[in-house]
Amino acid sequence: MDSMPSENMRNKCAACYRQFNKMEHLVEHMRISYHSNHEPKCGICQKRCRSFESLREHLIGPLPKAECERIFKERGCDLCLTILSSRYALQLHREKCQLSRGNNGLLYRMANLGIQDELRIDNSRGKVVALACKMVGGGSDGSLDLCARVCLVDEHEKIIFHTYVKPHLPVTNYRYETTGIRPEFFRDAMPLKQVQRKIQEYLCNGEPIWQIRSRGGKARILVGHGLDHDLKCLEVEYPTVLIRDTAKYPPLMKTSKLSNSLKYLTKAYLGYDIQTGIQDPYEDCIATLRLYMRMRSQAHKVEEYPLASDPQNRNNFASWRQSELERMTPEKMLEISRSDYYCWCLDSK
């Protein structure tokens with residue numbers, strides 16, 4: 001009887017604390033879970049979760065862990081889910097963590113004028129660019145998305161490029177309630193091909209697209225939400241290694257592994273509302289940029305080869321015999337486990 005607790009602890013995952021009846025089941029769990037230092041972690045019990053939504057449920061969900069819930073309600077930030085040392089520390093932290101839609105009121109008003117349509121190669125702008133589009137409808141039923149407005153913002157939240165785009169097909173639905181776009185706005189709008197060329201050149205920053213790599217080059221990191229769709233509508237190609245999409249980033253996804261809306265993410269993690277009434281792509285750029293910066297600023301312990309896909313890690317579990325893995329402690333298995341996604345904190349290394 002005395003040996004049971006220690007045996008049960010031995011079959012418990014050191015990351016998510018899931019309990020298994022047999023060690024072989026824990027080994028299989030570790031093979032496919034890709035636990036790592038980059039997963040969101042409870043600041044109280046140190047449990048690792050696949051996403052921040054999962055962590056939120058652990059802290060304040062329908063069935064939270066009681067002790068974690070109690071401490072979180074006392075001194076936990078409901079935006080970034082950090083646990084602070086005291087209620088006073090939480091108050092000071094919240095003042096910085098809570099952002100507002102109006103932080104750049106002047107720039108926001110300028111964005112609505114749609115006047116910045118010159119896009120030049122300018123290395124002083126930094127390495128990170130956020131992009132967002134607004135679509136009107138084409139086709140017989142108006143359901144075909146046509147890019148009608150595009151905005152690019154640098155990492156300092158300043159507008160780089162903002163223009164109306166003349167669609168290459170007839171517009172059958174201007175979607176005025178959300179876009180605010182009228183037919184006359186396209187009279188002097190920039191043709192799609194010209195917009196596509198300008199954006200492509202700016203992102204590549206003088207580097208041939210086939211030579212772009214994840215690190216060390218001149219090409220820029222592109223941030224956005226649902227970028228596959230935006231880039232398709234703009235007819236822009238860009239390497240996946242430099243795309244940071246808040247709709248696809250595992251820590252920002254639902255527990256069901258589906259995407260959250262940008263509207264939800266902004267409210268849940270930045271603390272303010274967007275996309276109320278007529279929508280502006282500048283506002284979406286700022287929201288995605290702030291989400292990216294918040295994710296990038298996380299302090300994680302970084303391994304020399306942090307990804308499961310790195311050649312040095314591909315055989316982390318395969319190179320060990322099953323019997324050898326079963327003799328390992330859960331902590332040792334976690335030590336050799338690696339993430340199956342690129343953590344944005346690595347962009348700051």
Side-chain angles (χ1 to χ4, degrees), residues 104 107 110-111 114-134 147-166 168 189-249 262 280-297 302 306-307 309-310 341-349:
N104 279 293
L107 281 177
M110 282 180 62
I115 56 173
Q116 293 192 228
D117 58 3
E118 286 299 318
L119 190 56
R120 300 183 180 89
I121 301 297
D122 179 2
N123 287 315
S124 67
R125 288 287 194 176
K127 180 79 172 175
V128 179
V129 177
L131 177 146
C133 302
K134 289 301 169 187
C147 180
R149 198 174 176 191
V150 62
C151 184
L152 269 72
V153 172
D154 70 16
E155 58 193 84
H156 307 295
E157 303 189 1
K158 294 180 180 178
I159 300 168
I160 304 168
F161 183 63
H162 187 250
T163 187
Y164 290 104
V165 183
K166 189 175 289 184
H168 61 294
M190 191 177 291
L192 177 64
K193 286 292 181 186
Q194 189 178 351
V195 171
Q196 179 257 338
R197 179 178 55 79
K198 281 176 174 281
I199 291 175
Q200 187 96 57
E201 288 177 358
Y202 188 81
L203 292 175
C204 292
N205 197 24
E207 194 168 358
I209 194 165
W210 60 88
Q211 290 182 5
I212 290 175
R213 54 197 185 279
S214 59
R215 289 176 177 271
K218 294 186 293 183
R220 293 180 163 91
I221 291 171
L222 179 61
V223 176
H225 188 85
L227 280 170
D228 285 351
H229 181 250
D230 284 354
L231 293 176
K232 181 181 178 182
C233 291
L234 286 166
E235 299 180 5
V236 170
E237 293 183 8
Y238 205 56
T240 305
V241 292
L242 288 182
I243 288 177
R244 308 291 181 260
D245 195 332
T246 54
K248 289 184 169 184
Y249 189 51
L262 181 58
D280 194 298
Y282 169 78
E283 187 175 54
D284 291 358
C285 281
I286 296 301
T288 56
L289 184 66
R290 289 172 175 177
L291 286 164
Y292 166 75
M293 291 300 190
R294 187 153 285 184
M295 294 296 106
R296 190 178 81 169
S297 66
V302 179
L307 300 178
S309 58
D310 287 334
Y341 65 87
Y342 179 88
C343 182
W344 292 349
C345 80
L346 299 173
D347 285 345
S348 62
K349 306 303 178 188

Got Asp280 and Arg149 here, is their nearest side-chain heavy-atom distance under 4.5 Å?
yes
Looking at Tyr249 and Tyr342, what are the two nearest heavy atoms and their distance?
CE1-O, 3.5 Å
Does the side chain of Ile221 reach to within under 4.5 Å of the side chain of Val128, using non-hydrogen atoms?
yes
Supply the atom-to-atom distance Leu192 CG to Cys147 SG, rounded to the nearest 0.5 angstrom.
7.0 Å
Using side-chain heavy atoms (C-beta onward) and a distance below 4.5 Å, is Arg197 in contact with Gln200?
no
Atom CG of Leu203 and atom NZ of Lys218: how far apart are they, to the nearest 0.5 Å?
14.0 Å
Shortest non-hydrogen separation from Val223 to Leu227 and the atoms involved:
C-CD1, 3.7 Å
Close side-chain approach of Lys166 and Gln194, heavy atoms under 4.5 Å:
no
For the backbone of Ser348 and the side chain of Arg296, can you confirm whether one donor and one acceptor N or O come within less than 3.5 Å of each other?
no
Over 60° means perpendicular and under 30° means parallel, so classify the ring planes of Tyr292 and Trp344, tilted if in between.
tilted
Please report the C-alpha distance between Asn205 and Lys127 in whole Å, then the side-chain angles of each, then the deciding distance to 0.1 Å, and finally whether the side-chain contact (heavy atoms from CB on, under 4.5 Å) criterion is met.
CA-CA 10 Å; Asn205 197 24; Lys127 180 79 172 175; over 6 Å; no
What pairs of donor and acceptor atoms, side-chain ones from residues 230-237 against any protein atom, are under 3.5 angstrom apart with sequence neighbours left out?
from, atom 1, to, atom 2, distance (Å)
Glu235, OE1, Lys193, NZ, 3.1

Drop me the distance from Ile199's CD1 to Leu131's CG, to the nearest 0.5 angstrom.
5.5 Å
Does anything in residues 238-247 pair up under side-chain hydrogen bond (donor to acceptor under 3.5 Å, both in side chains), and if so which pairs, sequence neighbours excluded?
His225-Thr246, Arg244-Asp347
So, taking the atom named CE in Met295 and the one named CZ in Arg290, what distance separates them when rounded to the nearest 0.5 Å?
14.0 Å
What are the two closest non-hydrogen atoms of Cys151 and His162, and how far apart are they?
CB-CD2, 3.3 Å
Considering all heavy atoms of both residues, which atom of Lys134 and which atom of Pro281 are nearest to each other, and what is their separation?
CG-CD, 3.6 Å
First locate atom CD1 of Ile160, then atom NZ of Lys198, and finally report the distance between them rounded to the nearest 0.5 Å.
13.0 Å
Roughly how far apart are Gln211 CD and Arg213 CZ, rounded to 0.5 Å?
8.0 Å
Minimum side-chain heavy-atom gap Pro239-Ile209 below 4.5 Å
yes
Between Thr288 and Val153, does a side-chain contact (heavy atoms from CB on, under 4.5 Å) hold up when you go through it step by step?
CA-CA 10 Å; Thr288 56; Val153 172; over 6 Å; no
